[in-house]
Protein chains: 2
Amino acid sequence: MLATCPSRTSLARIANKWTAMIVIALSERRMRFGELRTRVAGISGKVLTDTLRDLERDGIVTRIAFAEMPPRVEYELTALGRTLSEPLGALGLWAEQYFDQVQEARDAFDARPTT
Amino acid sequence: MLATCPSRTSLARIANKWTAMIVIALSERRMRFGELRTRVAGISGKVLTDTLRDLERDGIVTRIAFAEMPPRVEYELTALGRTLSEPLGALGLWAEQYFDQVQEARDAFDARPTT
DNA sequence: CCGTATCCTTCGCGATACTG
DNA sequence: CAGTATCGCGAAGGATACGG
């Protein structure tokens, strides 16, 4: 977090909604591309591909391609990825758990006079 | 995370690098605007203002303005914000702790043939 | 010092069409 | 089915200048 700390670059990568959602989905179990696309609803194919490639590059997921027709590709968390799934999972839980309070705060804020 | 779950919107807000860095900074102690700008290095004034306003709207930080000259404004986590600082703090720790492994994985990935 | 307003650039991301 | 390529929009974010 500190100004010049290089870990900021890795924080920027993981503090990202798509990364969070993908890692949370994969923390449950290994999954195929199409399955991921369904679970992480709203993501486009392009962005899913790009994000998975970045995560593979960073050693967080493993890409397993089967030489079949039609093609099948599965993605799985690495050991490193599994360590990451814990804080990200906690973040996902927070979002579920406190969403109502956030929503209330938003409504209250928006309802107050524009003065 | 699930397809239609509305908590996705709050996850998108908190799974964000600026949010993470600001909340982590404020988890240490209440802080002034200028101090935050220094601690969260690289952020522009505009983005810091915008993000803080969103966080205030979501009930995560409180804005305390002093009627002085020159002006002084402090930001502080709310009770809700403090609950959030735990998973985000964990994420920050992960980034520090595993940054080296991420870096190695990146280098290895980039070094491999473009086949 | 702490904003707000404006402008402009960059990039995330979705849509579509096409390949193995 | 999985992935690539291209295009384009809109949001994120930086720089600057100004106001209370």
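Computed from heavy atoms alone, side chains included, the values below leave out hydrogens, waters and symmetry copies. Here is how names work: the chains are called A, B, and so on, in the same order as the sequence lines, proteins then strands, and each is numbered from 1. All of these numbers come straight from a predicted model, not from anything done at the bench.
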Quickly work out the [X] [atom1] to [N] [atom2] distance and round it to whole Å.
X      : N       : atom1 : atom2 : value
M69(A) : dA2(D)  : CE    : P     : 12 Å
E56(B) : dC2(C)  : CD    : P     : 16 Å
D54(B) : dA12(D) : CG    : P     : 9 Å
E74(B) : dG3(C)  : CD    : C1'   : 16 Å
L48(B) : dC2(C)  : CG    : P     : 10 Å

Restricting to nitrogen or oxygen on both sides, can you table the protein-nucleotides 11-14 of chain C pairs closer than 3.5 Å?
residue, atom, partner, partner atom, Å
dC13(C), OP1, W18(A), NE1, 3.3
dC13(C), OP2, W18(A), NE1, 3.4
dC13(C), O5', W18(A), NE1, 3.3
dG14(C), OP1, G42(A), O, 3.1
dG14(C), OP2, S44(A), N, 3.2
dG14(C), OP2, S44(A), OG, 3.2

Check your understanding: Heavy atoms under 4.0 Å, any strand shown: does F66(B) hit a base, just sugar-phosphate, or nothing?
Key ->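 Answer is nothing: F66(B) stays at 4.0 Å or more from every strand.
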Check your understanding: With a 4.0 Å cut-off on heavy atoms, is R37(B) in touch with a base, just the backbone sugar-phosphate, or nothing at all?
Key ->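 Here R37(B) touches no strand at all.
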Does [N] have OP1 or OP2 under 4.0 Å away from a side-chain N or O of [X]?
X      : N      : answer
R53(A) : dG3(D) : no
R72(A) : dA2(D) : no
R63(B) : dC2(C) : no

Exercise for review: Measure from the side-chain heavy atoms of P71(B) and tell me the nearest of dC1(C), dG3(C), dC1(D).
Suggested key: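 So the nucleotide nearest the side chain must be dC1(C).
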Point to revise | Donor-acceptor pair, side chain of T19(A) and main chain of A15(A), under 3.5 angstrom | key: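 Checked: no pair found.
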Point to revise | Whether R8(A) side chain and A41(B) backbone form a donor-acceptor pair below 3.5 Å | key: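 The answer is yes, because a donor-acceptor pair under 3.5 Å joins these two groups.
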**Study point:** Side chain to side chain, D54(A) and F109(B), heavy atoms closer than 4.5 Å
**Key:**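 No, their side chains stay 4.5 Å or more apart.
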Closest approach of [X] to [Y] (non-hydrogen atoms, all atoms of both residues):
X      : Y      : answer
A20(A) : L88(A) : CA-CD1, 3.9 Å
L26(A) : Y75(A) : CD2-O, 3.5 Å
L77(B) : S85(B) : CD1-CB, 3.9 Å

Check your understanding: Does L48(B) share a hydrophobic cluster with I60(B), counting links as ILVMFWY side-chain heavy atoms below 4.5 Å and allowing steps through other members?
Key ->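 Yes, it is one cluster - the side chains of L48(B) and I60(B) are joined through contacts under 4.5 Å.
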